[in-house]
Amino acid sequence: MTVLVTERLRLRPATMDDVAAFHAVLSNVEATRYWSTPPHRTLEQTRTWVEAMIASPPEDSADFVVELDGRAIGKAGFYRLPEFGFILHPDTWGRGLAREALTALFDHVFSDRGLPCAIADVDPRNARSLALLDRLGFVRTGYRERTYRLDDGWADSVDLALERTAWLERTRP
């Protein structure tokens, strides 16, 4: 069981004790504005989501609960390698926590697990996430229209990639 520790955060595997904390994130309209699914309406929906996160085989995933001061505030990880995603509760935004979590995550998958590349797709309206991924070294590889059907209509996707070699060159002396 891998646990990643940063200056302020602890990234650990999910447990069923995380359902309430994840429901606070995944039912939040602001947090899920650019997420690939609409806000969760029921605790049961979140329970099913956490169960799937727990059940992901370790050889195919590297998904972590992000904790701040002992409180689960979101997730960062790879539900299916090499595709990753992250979401944090809005009351933690603007403090560099996503960057801190993602830096630990990419150090882990590129150095410890030897993953050759990380990929993501981001709603093009999500300027904050796009800016963060740009600062981390991601490059845009494509654009797709109407990739997610949400409550308020269709969303497009900007496809991005980060190569292991590029990450290691940026982060290693």
request  = For the pair Trp167 and Asp107, evaluate side chain to side chain donor-acceptor pair (under 3.5 Å) and give the outcome as yes or no after the intermediate values.
outcome  = CA-CA 8 Å; Trp167 177 259; Asp107 280 345; 2.9 Å; yes
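- Within the 3.5 Å criterion, the main-chain N or O of Arg12 finds no donor-acceptor partner in the side chain of Glu67.
- Minimum heavy-atom separation, Ile119 to Ala161: CG2-CB, 4.2 Å.
- Using modelled atom types, one side-chain atom of Asp156 and one backbone atom of Arg146 make a donor-acceptor pair closer than 3.5 Å.
- Side-chain N or O atoms of Asp18 include none that pairs as donor or acceptor with a backbone N or O of Ala21 at under 3.5 Å.
- With Thr92 contributing its side chain and His89 its backbone, the two residues share a donor-acceptor pair below 3.5 Å.
- One N or O on the side chain of Trp93 and one on the backbone of Leu88 form a donor-acceptor pair closer than 3.5 Å.
- Between Val19 and Leu43, the closest side-chain pair of non-hydrogen atoms falls below 4.5 Å.
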query = Taking it one step at a time, do Arg10 and Phe64 satisfy side-chain contact (heavy atoms from CB on, under 4.5 Å)?
reply = CA-CA 9 Å; Arg10 184 172 175 254; Phe64 295 92; over 6 Å; no
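- In this structure, the side chain of Arg164 engages the main chain of Phe110 through a donor-acceptor pair within 3.5 Å.
- The residue from Val158, Val122, Leu133 that alone fulfils the side chain to side chain contact (heavy atoms under 4.5 Å, CB included) condition with Arg140 is Val158.
- The backbone N or O of Leu9 sits less than 3.5 Å from a side-chain atom of Thr6, completing a donor-acceptor pair.
- No side-chain donor-acceptor contact under 3.5 Å links Ser27 to the backbone of Thr42.
- Taking the ring centroids of Phe22 and Trp49, they lie under the 6.0 Å cut-off.
- Every residue two or more places apart in sequence or in another chain that forms a ring-ring contact (aromatic ring centres under 6.0 Å, His included) with Phe138 is listed here: Phe84, Phe106.
- Arg125 has a carboxylate O that lies under 4.0 Å from a charged side-chain N of Asp123, or vice versa, which qualifies the two as a salt bridge.
- Side chain of Thr15 to backbone of Asp17: a donor-acceptor contact under 3.5 angstrom is found.
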